2 protein chains.
Amino acid sequence: MKQREISAAVIRRLPRYYRYLGELLQNDVVRISSKELSNRMRVTASQIRQDLNNFGGFGQQGYGYNVEYLHSEIGKILGLDVQHNMIIIGAGNLGQALANYNFEKVGFNLIGIFDTNPRLKGVSVRGIEIYMMDMLDEFVATHQVDVVTLTVPKRQAVEIGHHLEEIGIRAIWNFAPTDLNVSEDVCVKNVHLNESLMTLSYEYRAMHTQDEESGRD
Amino acid sequence: MKQREISAAVIRRLPRYYRYLGELLQNDVVRISSKELSNRMRVTASQIRQDLNNFGGFGQQGYGYNVEYLHSEIGKILGLDVQHNMIIIGAGNLGQALANYNFEKVGFNLIGIFDTNPRLKGVSVRGIEIYMMDMLDEFVATHQVDVVTLTVPKRQAVEIGHHLEEIGIRAIWNFAPTDLNVSEDVCVKNVHLNESLMTLSYEYRAMHTQDEESGRD
DNA sequence: TAGATTGTTAATCGATTAACAATC
DNA sequence: TAGATTGTTAATCGATTAACAATC
């Protein structure tokens, strides 16, 4: 039952389908065609059908897709039906902000927060305790930790990433502005906020440059 | 001097080049070849040269690229040499965490934070005052506001996005888990954290599924 | 049944990689 | 000059779009 390797481009679109279908569901929409969904999402109907058919035929000719069923199936594809335990390393502003997020609804349970700052020792965020970093190895040995959210400064991130691999962590959600140098066996998802901002900067300028030019004609 | 439309794929890679070159610069590396850079960054040398040549010839045959010069040129392409004024709307955990970020080094100056919560009125984050939302229009009318960072709950985001367009804002860095329904004239950069986490969830499961299969043989 | 819409194959388009002549 | 490495063209690869037969 091995499924063909799915391209990253397809995977990146799945959460957005999931979100739109969730909204339709809330609005009690029962069925939707790829055409109608394509209008709302501003992608081609062809792309929607191609994307979905990477995973199987979820629709019905002449009818379209059942919203509830398709929503649920995409959830399963994304693994949202599986519970994961998560810890956050780095209880600075961003780490604490993320701790307050509600990632349980996509299957991630926060079970611990770690930092080196002794002033944070024993402090709780949303009922989750902040531990000192020297407790990390023991914690990981005695708890099922599936995913680590990494919100530490750049210079510590690479080292911690390496250590996480050594103690058996296999998934890292990395907010540090650096590439982690871990093996292929560890899946890393980077969120590089300053890179995001740089591309906004580029687009902003590109837009203005264009304005000037069209004004010039 | 109009340059051809550059693909989004290229633009997304520029900040990463910029970061690697910045690190080389800090390590006093003077020159680098596309080959050497490709080894470090794990992309092809061909792609590096193609990407850069979208914007001009920054290298020299037989020599490679001058690190300082290339770093600076990519910075200019990204518009990092231009100062932008930014405000944050939504002073919750994430908004305040972002307020503490140091985005000045990529050219973004935070000049105001807005929220509806009266308990935050007059509070300052890193010396930047939190204003009430009813002050927004006046603030935008009397200050140069180039970019808005939007960290409000989903249900307010669309409405505020629409309002921002009306009062002349042309760039939004959106953290709300929704698409903003603004015109093409506004550039929007979305940071959808839960979608990022969902793709991590997918990859994590895909990796484990593969393990089971290879174990089965 | 007739109409609608999928699943899927074929055509197109764009992005990546390879190759190499130009040139420092 | 000889060696190295770019800039750029050509080849390949993959992703998107179009088309349509299958079928509900």
Side-chain angles (χ1 to χ4, degrees), chain A residues 1 3-17 20-21 24 29-74 77 199 202-203 206, chain B residues 1 3-17 20-21 24 29-74 77 199 202-203 206:
Chain A
M1 228 190 78
Q3 57 201 14
R4 193 168 293 101
E5 185 86 22
I6 309 291
S7 80
V10 174
I11 306 307
R12 272 196 302 269
R13 285 192 291 266
L14 292 180
R16 191 155 173 267
Y17 293 139
Y20 270 83
L21 289 163
L24 290 169
V29 177
V30 173
R31 62 169 280 260
I32 193 153
S33 67
S34 58
K35 180 89 184 307
E36 163 93 27
L37 192 57
S38 87
N39 288 145
R40 290 172 181 259
M41 297 186 63
R42 297 175 183 279
V43 296
T44 65
S46 207
Q47 181 163 76
I48 293 173
R49 295 204 299 277
Q50 284 277 28
D51 283 352
L52 297 178
N53 277 89
N54 282 302
F55 304 98
F58 302 119
Q60 203 168 71
Q61 283 99 329
Y63 175 83
Y65 300 88
N66 178 286
V67 173
E68 188 172 358
Y69 174 68
L70 185 55
H71 181 258
S72 149
E73 287 299 309
I74 294 178
I77 292 165
T199 62
Y202 174 87
E203 278 162 35
Chain B
M1 228 189 79
Q3 58 200 14
R4 194 168 292 100
E5 186 84 24
I6 310 292
S7 81
V10 174
I11 305 307
R12 272 195 302 269
R13 285 192 292 266
L14 292 180
R16 191 155 172 266
Y17 293 138
Y20 271 83
L21 289 164
L24 289 170
V29 177
V30 174
R31 61 169 279 259
I32 194 153
S33 68
S34 58
K35 180 90 184 307
E36 163 93 28
L37 192 58
S38 89
N39 287 144
R40 290 171 181 261
M41 296 186 63
R42 298 173 182 280
V43 296
T44 64
S46 208
Q47 181 163 76
I48 293 173
R49 295 204 299 278
Q50 284 278 27
D51 283 353
L52 297 179
N53 276 91
N54 282 302
F55 304 99
F58 301 120
Q60 202 167 70
Q61 283 98 330
Y63 175 83
Y65 299 88
N66 177 287
V67 173
E68 187 173 0
Y69 173 68
L70 185 56
H71 181 260
S72 148
E73 288 299 309
I74 294 178
I77 292 164
T199 61
Y202 174 88
E203 278 162 35

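Each chain gets a letter, A, B and so on, in the order its sequence line appears, and its residues count up from 1. If you're wondering where the values come from, they're calculated on a predicted model, not measured in any experiment.
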- Could you state the atom-to-atom distance from CD1 of B:Ile48 to P of D:dT5 in whole Å? 13 Å

- Message: Quick check: on DNA chain D, is the nucleotide nearest A:Asp51 upstream (toward 5') of the one nearest A:Gln61, or the reverse? Name the residue that is more 5'.
- Response: A:Asp51

- Message: I want to confirm an ordering. Mapping B:Gly59 and A:Ser7 to their closest nucleotides on DNA chain D, which one lands closer to the 5' end?
- Response: B:Gly59

- Task: Return the nearest nucleotide to the side chain of A:Ala9; candidates are D:dT16, D:dT5, C:dT5.
- Result: D:dT16

- Value for CD (A:Gln50) from OG1 (A:Thr44), rounded to nearest 0.5 Å, stands at 9.0 Å

- Query: D:dA18 C1' sits how many Å from A:Asn53 CG, rounded?
  - Reply: 15 Å

- Query: Does OP1 or OP2 of D:dT6 have a side-chain N or O of B:Ser34 closer than 4.0 Å?
  - Reply: yes

- Task: Over all heavy atoms of both residues, which pair between A:Val43 and A:Gln47 is shortest? Give the atoms and the distance, please.
- Result: CB-OE1, 3.9 Å

- Message: Using only modelled atom types and a 3.5 angstrom limit, is any donor from either the side chain of A:Gln50 or the base of C:dT9 paired with an acceptor on the other?
- Response: yes

- Query: Side chain of A:Glu36, base of C:dT5: donor and acceptor closer than 3.5 Å?
  - Reply: no

- Message: Is the phosphate of C:dG7 approached by A:Tyr63 (side-chain N or O, under 4.0 Å from OP1 or OP2)?
- Response: no

- Using atom types as modelled and distance alone, determine if a side-chain donor or acceptor of A:Arg16 lies under 3.5 Å from a backbone N or O of A:Met41. yes

- Message: How many whole angstroms separate atom CD1 of B:Ile11 from atom P of C:dG14?
- Response: 16 Å

- Message: Once salt bridge (Lys or Arg N to Asp or Glu O under 4.0 Å) is applied, do any residues pair with B:Arg40, and if so which ones, sequence neighbours excluded?
- Response: B:Glu36

- Item | Phosphate contact (D:dA19 OP1 or OP2) by A:Arg49 side-chain N/O below 4.0 Å | no

- Item | Separation of C:dT6 C1' from A:Ile32 CD1 (nearest whole Å) | 14 Å

- Taking only side-chain nitrogens and oxygens of B:Arg13, does any of them come within less than 4.0 Å of OP1 or OP2 of C:dT16? yes

- Message: Whole angstroms only, please: what is the CD-P distance between B:Gln60 and C:dA22?
- Response: 18 Å

- Item | Interatomic distance, B:Ile32 atom CD1 to B:Leu24 atom CG [nearest 0.5 angstrom] | 4.5 Å

- Message: Can you give me the closest heavy-atom contact between A:Ser34 and A:Arg49, atom names plus distance?
- Response: OG-NH1, 2.9 Å

- Could you tell me which non-hydrogen atom of A:Tyr202 sits nearest to which non-hydrogen atom of B:Phe55, and how far apart they are? OH-CE2, 4.1 Å

- Note on the structure: What residues 39-47 of chain B contributes to the DNA chain D interface at heavy-atom separation below 4.0 Å is none

- Item | Nearest-Å distance for atom pair OH/P, residues B:Tyr69 and D:dT6 | 15 Å

- Say you draw a straight line from CD1 of B:Ile74 to CG of B:Leu52; how long is it, rounded to the nearest 0.5 Å? 5.5 Å

- Message: In whole Å, I'd like the distance from the CD atom of B:Glu73 to the P atom of D:dG7.
- Response: 12 Å

- Message: So which atom in B:Ile11 and which in B:Pro15 form the shortest heavy-atom distance, rounded to 0.1 Å?
- Response: O-CD, 3.1 Å

- Message: Any side-chain N or O of B:Tyr65 below 4.0 angstrom from OP1/OP2 of D:dG7?
- Response: yes

- May I have the distance from A:Asn66 (atom CG) to C:dT5 (atom C1'), rounded to whole angstrom? 15 Å

- Message: Check whether B:Asn54 reaches the backbone of B:Asp51 with its side chain - one donor and one acceptor, N or O, closer than 3.5 Å.
- Response: yes

- When pairs are called at under 3.5 Å and a stem needs at least three consecutive Watson-Crick or G-U pairs, the stems of DNA chain D are C:3-24 with D:3-24

